Amino acid sequence: MISKIKKKDARPNWDQYFMEIAKLVSKRSTCLRRKVGAIVVKGRRILATGYNGTPSGIKHCAQVGCLRDKMNIPSGQRHELCRGLHAEQNVLLQAALYGVGLVDSTLYITNQPCIICAKMIINAGIKEVVISGNYPDKMAREFLKEAGIKVRRVKNK
């Protein structure tokens with residue numbers, strides 16, 4: 001007789017699995033304000049990962065301080081005044097660096113993308129974005145919708 005799997009022993013579904021990995025990736029972030037992780041998946045296989053932080057070879061904000069904090073810039077504004085890249089930018093760049101195509105893939109990210117990242121996601125050919133957290137950027141949501149990219153939210157565990 002096969003016993004039922006106990007609820008606490010149940011396997012996570014695919015959304016839970018990939019979002020937990022994105023959360024783990026976010027722990028590598030060097031941003032002092034917000035830790036964000038992203039992974040791109042196709043056919044239930046991880047193609048690339050990214051987290052927010054400074055470019056390779058550049059001092060981390062923990063070493064030099066946060067320019068945005070010093071200038072009192074609110075979240076969601078003046079993205080160019082930051083030493084770091086967003087997690088979505090890094091995941092797209094990592095895929096490009098290694099020649100990994102992202103057409104028809106799914107992006108799992110711990111926060112909703114900003115407008116700059118939304119435009120990059122659209123042009124990368126990503127078909128779906130799965131998020132767990134918010135970000136104050138209505139235009140990004142509108143662009144993704146207009147481009148026909150499905151955006152879903154999964155609950156934090």
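Nothing here was measured: the structure is a model prediction, and the numbers come from that model.
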| query | Closest heavy-atom contact between Pro113 and Ala140? | reply | O-CB, 3.3 Å
| field | Which residues share a side-chain contact (heavy atoms from CB on, under 4.5 Å) with Val100, sequence neighbours left out | value | Leu47, Ala95, Tyr98, Leu102
| field | Carboxylate-amine/guanidinium proximity below 4.0 Å for Glu20 and Lys23 | value | yes
| query | Tell me, do Tyr135 and Cys114 make a side-chain contact under 4.5 Å, heavy atoms counted? | reply | yes
| request: Can you sort out the partners of Gln89 under side-chain hydrogen bond (donor to acceptor under 3.5 Å, both in side chains), two or more places apart, ordered by chain and number? | output: none
| All side-chain contact (heavy atoms from CB on, under 4.5 Å) counterparts of Thr49, not counting sequence neighbours | Val25, Ile39, Ile46
| said: I need the His86 NE2 to Cys31 SG distance, nearest 0.5 Å. | reply: 8.0 Å
| task | First locate atom CD1 of Ile21, then atom OG1 of Thr110, and finally report the distance between them rounded to the nearest 0.5 Å. | result | 13.5 Å
Show me the donor-acceptor pairs within less than 3.5 Å that the side chains of residues 121-128 make with the rest of the protein, sequence neighbours left out.
residue, atom, partner, partner atom, Å
Glu128, OE1, Thr106, OG1, 3.4
Glu128, OE2, Arg152, NE, 2.5
Glu128, OE2, Arg152, NH2, 3.4

| request: Would you indicate whether the side-chain heavy atoms of Arg141 and Met139 approach each other to under 4.5 Å? | output: no
| request: Verify the cluster assignment for Val40 and Val151: are they in a single hydrophobic cluster under the rule of side-chain heavy atoms below 4.5 Å apart? | output: yes
| message | If I take atom OH from residue Tyr51 and atom OG from residue Ser26, how far apart are they, to the nearest 0.5 angstrom? | response | 11.5 Å
| field | Salt bridge present between Asp69 and Arg33 (N-O < 4.0 angstrom) | value | yes
| Do Val36 and Val130 belong together in a cluster built from hydrophobic side chains that touch within less than 4.5 Å? | no
| Interatomic distance, Leu32 atom CG to Arg68 atom CZ [nearest 0.5 angstrom] | 12.0 Å
| query | Considering residues at least two apart in sequence or located in another chain, which fulfil the side-chain hydrogen bond (donor to acceptor under 3.5 Å, both in side chains) criterion with Asn111? | reply | none
| said: Does atom CD (Gln63) have a neighbourhood of more than 12 heavy atoms from anything else shown, all under 6.0 Å? | reply: yes
| field | Residues, nucleotides or ligands: over 12 heavy atoms within 6.0 Å of Arg78 CZ | value | no
| request: Please examine the side chains of Gln16 and Val154, heavy atoms only from C-beta on, and report whether any two atoms are closer than 4.5 Å. | output: no
| Connected via hydrophobic side-chain network under 4.5 Å: Leu144 and Leu107 | yes
| request: Decide yes or no for Gln112 and Asp137: does some side-chain heavy atom of the first lie under 4.5 Å from some side-chain heavy atom of the second? | output: yes
| field | Within one Ile-Leu-Val-Met-Phe-Trp-Tyr cluster: Val41 and Ile149, side-chain cutoff 4.5 Å | value | no
| Partner set under salt bridge (Lys or Arg N to Asp or Glu O under 4.0 Å) for Arg34, not counting sequence neighbours | none
| said: With a 4.5 Å cut-off on side-chain heavy atoms, are Leu93 and Leu85 touching? | reply: yes
| message | Pair Lys27, Lys35 - check side-chain contact (heavy atoms from CB on, under 4.5 Å), show working. | response | CA-CA 7 Å; Lys27 292 181 179 184; Lys35 308 284 186 199; over 6 Å; no
| field | Arg83 side, atom CZ; Leu67 side, atom CG - distance, nearest 0.5 Å | value | 8.5 Å
| said: Taking the side chain as everything from C-beta on, heavy atoms only, tell me whether Ile109 gets closer than 4.5 Å to Val129. | reply: yes
| note | Value for CD1 (Ile73) from SG (Cys82), rounded to nearest 0.5 Å, stands at 9.0 Å
